[in-house]
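One structure is given below, encoded as structure tokens.
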Amino acid sequence: MSLDLSNYSDLLRALSPEALLTVLALVVLLLVAWRHRTAADLRMAGVATLVTLGATAAAVWWLWWNRAEVEGIASMIAVDDFRFVVDWILLGAAALTVLFSFRYLEREGLLAPEYYPLLLLALLGMMLMAGGEDLMVIFLGLELMSVSVYVLAGFNRRSARSAEAALKYFLLGAFASAFLLYGIALIYGATGTTNLTFIGVQVSSLGIAHLPLLLAGIGLLLVGFGFKVAAVPFHMWAPDVYDGAPTPITGFMATGVKAAAFAALFRVVIEAFGPAAGWSTVIAGLAVATMIGGNVVALAQRSLKRMLAYSSIAHAGYLLVAVTAAGAGSAAFLVYLVAYTLTTLAAFALLAAKGRGGESEVRIDDLAGLAATRPGLALALTIVMLSLLGFPGTAGFIGKWYILVAALGAGHPALAVILVLTSVVSAGYYLPVVMAMYMKPAPGPEAHAGVTLDVPARAALLVSVLGILWIGVAPSRLLDLSRDTVATLHAVRGVSASAPDSTTGPALH
Amino acid sequence: MTYDRWILTALLVWPLAGAASLYLVPPARAKTLALGVSLVEFALSVPLWWRFVPAGGMQFGLDVPWIPGWGIRFHLGLDGISLFLVLLTTFLVPLSVLGSWTYITKRERGFYALLLVLTTGMLGVFVSLDLFLFYVMWEVMLIPMYFIIGIWGGDNRLYAALKFFLYTFVGSLLMLVAILALYLHAAHTTGLYSFDYGFLMRHTADLGPVAFWLFAAFFVAFAIKVPMFPLHTWLPDAHVEAPTAGSVILAGVLLKMGTYGFLRFALPFFPAVALSPGVQAAVVTLSVVGIIYGGLVAMVQPDFKKLVAYSSVAHLGFVMLGIWALTVQSVQGALLVMINHGISTGALFFLAGMLYERRHTRLLDAFGGLARVMPLLAAALTVVSLSSIGLPGTNGFVGEFLILIGAFQRYPLATILATTGVIVAAMYLLPALQKIIYNPLTKSENQKLPDLSWRERLVLLPLLVVILWIGVYPRPFLARMEPAARRLVETVHPQPPAALR
């Protein structure tokens, strides 16, 4: 299916997932405006949200199935497999978040079904970021996502921590958005366009790869993205915000928000910055700082939730390594994103199961003896921790392995070595979780009495854990999919020649 | 023939199926079932001994695609180096199950399931001919061992388990980067993406200066596992804290993975680096230091298990010396010491465990005069100690003798120093033996100790038989090792010095 984006009906077709999501999100909003008093209303809103997610996924699938592509150069929105796959990841993250939220909201007394429309609107912003072919679309998507997530972070109105998290996130996020916008303005000043492909073309044809104005713009843009993905040194907000937000939302932030920001960054880097100078060194520097900073500080955490917050910073560092490897890294990026999303959401869901009201109070040592009373949950959490650690047999290993291949293939052996050494450090905080569950005695017979999961959360957890194992043992399907996906990203744009490294990884042969 | 084609796969799958099946029976039956599973595993592996053709190179091969997009294959094979390690593993596992019979009293099902999963991981390391598969197996065996030490270990088990895990993990991740670099280098040269052992080995010659760093990465991974001085510090902790079966498997099989890695990967992949004067000097020095230092430290240990742990450092120093000397005799000797160490040290750990179960202490000074109350245990301990010292007529002698003969031709000074290690071995094991079973029977707690039960006799008997068999008639072992050793020497060192012939 070939789409001419200057034609409105084709543009609508290209935007059909986003359009459908917008309409259905508004329907859900109306629904909760009409019924918002009881727990049953809340459940109904949750189910409606799941239906919306399913419908949107089907729309994405429809575009993908019809091999939709753009005639000529895309304006505003990209129509390629990279967008579709990232959309699926985002939709999957949202669906798992909803499943984990059902009981959580009831248990915490958050009987406000606005939660779900906000989640959908945040998702809409993310999908626009993942598909944005123009810096303005990316910015609009980012703002839509951010504003919704600010509210979600402070959703637990009775909790001072939650309010603090929301305010902190809002202030620093607004600051970051300003950086981003300023960067966009400078890039526009240097190239005269905000369209990603045209920026790339202008940079090479005008010979302005070293123009200070452009470099300053790129730098500010990277700062803005650095905030959103919580890369060191722009990560200061993340631990407190992750700590204070309701746990399912923390999971959603650590996966969805990060995935969307990374996808946008990837597209910008590959399509627009290809010929510009210096960005890959800057990103490599960010990657090193993030891997070291995230992993080392995580070691010192006693609270499980803060440990997971720092761990997600560390994982942003690994993903930045994939960004540095650009062409070779994009398939690795998708694989890692799938693995990371499944694993992180499962981790936060398990934390939510253990915590009662105050998840931030759950220390790693509080898990002591969990294996004796809740063997299934302990096993699931062990698999999740091993996957975060990147242990063979789990999805995390396949993702890490692929990023290592990409980094070495793109000529960054130092990054690869730092990645593995910081992974060793990460064993120092993932393993104590396993140790506490299996090797320490429970403090009392009733220590884990309240630890249960409801049916939707249990199903979602099962899906996540089986997914982790399946990708870990038989990753061929996912690898092929991501490889083909990235091939379209390069082929359709025709930018692979200008990408900094076109020799690419093995998956691109 | 069907057996030849599927045996290695069967050996890998059977323990996993067995581990799963433990959860289908009542917990009290778990150990019986685990014993059955491991005995079947051993029975399955025994025909390898006869069906193996010494001159036949890699055998029992299986090669099917696993992750085709990356050129990863499920490629297995067995040669004269891995044959004995596989047999050693399948031999020690049923004994470990039997040896844990009364020692493990909590969460039995989990323990035996992990032991069986560990079996798969260990065998996988020895039979993988695809470097991806090898890496996966190398890591897979880490987790069961970590749990075995961490859950069923002694008082300081958490520390020991984490230390064991972190040491191995550092090395293996560096090795992972090196494997990937080899893979990309070969792909860059040929356009083919493959982790195949033979394929990668053919494309290491033109690596240039990178070869040193890749060798270093492999070296660190394997040297930690061996363990070579000064990377050995995880070993005493892990050995002392692990339950009996854990110590036996750790000493018997896991340490051999390091030396196996040198024989299979580090040397054939990077012969020029491995035999460069600097690296040679460093490895030989560290081996000799390990032999003497391990022996001297063992001499002052009050704890029997710790003594045996340090003696492992010394024994493995011999193996490293034999490997690096790269003569046919010394490599054969190294292979034989690897087996011997598994048998003798395994037996010592079983005996230490039996003493511990009776007295709940491992301090040498707590015993004395046991020959009078436990004559069978005393006899077994004597034979095993003598074999560990390397007395002629036992297995220990044959292996160390071959290493010393082989190594003398290349490193005379180092060999002379290493020979003193044999004397040191007598200096730490004989006093220990004296303290435990001779000396006056003064302590009242020791006067009523029961002698070996039937189960314990069953554990020790096979080990004693093998000790004497190798000691008296090593020919069948050496004949099966010789072609593989020769091939290794020729691959790494195309023209051995004339003195060898």
Side-chain angles (χ1 to χ4, degrees), chain A residues 328 331 371-372 375 382 386 389-394 397-398 400-411 413 415-428 430-432 434-436 438-440 472-484 503 505-509, chain B residues 23 65-72 106-107 110 121 132-143 146-147 149-153 157-159 161-162 165-188 191-195 210 213-214 217:
Chain A
T382 303
L386 290 179
L389 179 56
F391 208 78
T394 62
F397 170 67
I398 298 294
K400 219 171 241 181
W401 168 274
Y402 209 165
I403 288 185
L404 283 174
V405 172
L408 286 171
L415 282 182
V417 170
I418 294 172
L419 196 161
V420 297
L421 290 181
T422 50
S423 297
V424 175
V425 174
S426 74
Y430 292 133
L431 286 184
V434 179
M435 270 183 168
Y438 283 91
M439 303 176 192
K440 290 182 182 165
V473 174
S476 282
R477 292 284 295 279
L478 178 66
L479 295 174
D480 292 346
L481 178 69
S482 61
R483 179 183 60 196
D484 299 345
T503 54
L508 295 176
H509 59 80
Chain B
Y23 286 88
W66 177 16
I67 308 175
W70 276 347
I72 295 167
K106 60 169 185 176
R107 300 202 226 166
F132 186 96
L133 184 63
F134 168 75
Y135 178 79
V136 168
M137 291 298 185
W138 179 272
E139 294 275 48
V140 160
M141 58 96 214
L142 196 52
I143 286 288
Y146 168 74
F147 278 108
I149 298 176
I151 299 180
W152 293 275
R157 57 184 191 273
L158 294 184
Y159 171 75
L162 191 62
F165 190 98
L166 286 182
Y167 268 64
T168 313
F169 203 49
V170 175
S172 57
L173 279 175
L174 289 174
M175 179 171 76
L176 173 65
V177 175
I179 290 177
L180 287 176
L182 279 177
Y183 165 73
L184 290 173
H185 172 76
H188 193 68
L192 285 174
Y193 289 92
S194 168
F195 284 98
V210 186
W213 294 105
L214 300 187

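Here the structure is a predicted model, which is why all the values come from computation and not from measurement. Chain letters run A, B, ... following the sequence lines, proteins first and then strands; every chain starts at 1.
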Can you say whether A:Y438 sits under 4.5 Å from chain B via the side chain, the backbone, both, or neither, judging by heavy atoms?
-> both
If the plane angle is over 60° it's perpendicular, under 30° parallel, otherwise tilted; pick one for A:W401 and B:F132.
-> perpendicular
B:I151 and B:K106 have their tightest heavy-atom pair at O-NZ, 3.1 Å
Is there a side-chain contact between B:F147 and A:V434 (heavy atoms, below 4.5 Å)?
-> yes
Go through the atoms of B:F165 and report whether side chain, backbone, both or neither lie under 4.5 Å from a heavy atom of chain A.
-> side chain
Is any side-chain heavy atom of B:Y146 closer than 4.5 Å to a side-chain heavy atom of B:M141?
-> no
Could you look at B:L176 and say if it's the side chain, the backbone, both or neither that has a heavy atom under 4.5 Å from chain A?
-> side chain
Interface residue of largest heavy-atom contact number with chain B, from A:L408, A:L431, A:L404, under 4.5 Å = A:L431
Honestly, the part of A:I398 sitting under 4.5 Å from a heavy atom of chain B is both
Student check: side-chain heavy atoms of B:L214 and B:L182 closer than 4.5 Å = yes
Do A:F397 and A:L386 touch side chain to side chain, with heavy atoms closer than 4.5 Å?
-> no
Under 4.5 Å to a heavy atom of chain B? For A:L389 that would be both
Under 4.5 Å heavy-atom distance to chain A, tell me which part of B:W66 shows up: side chain, backbone, both or neither.
-> both
Structural part of A:K400 lying under 4.5 Å from a heavy atom of chain B | neither
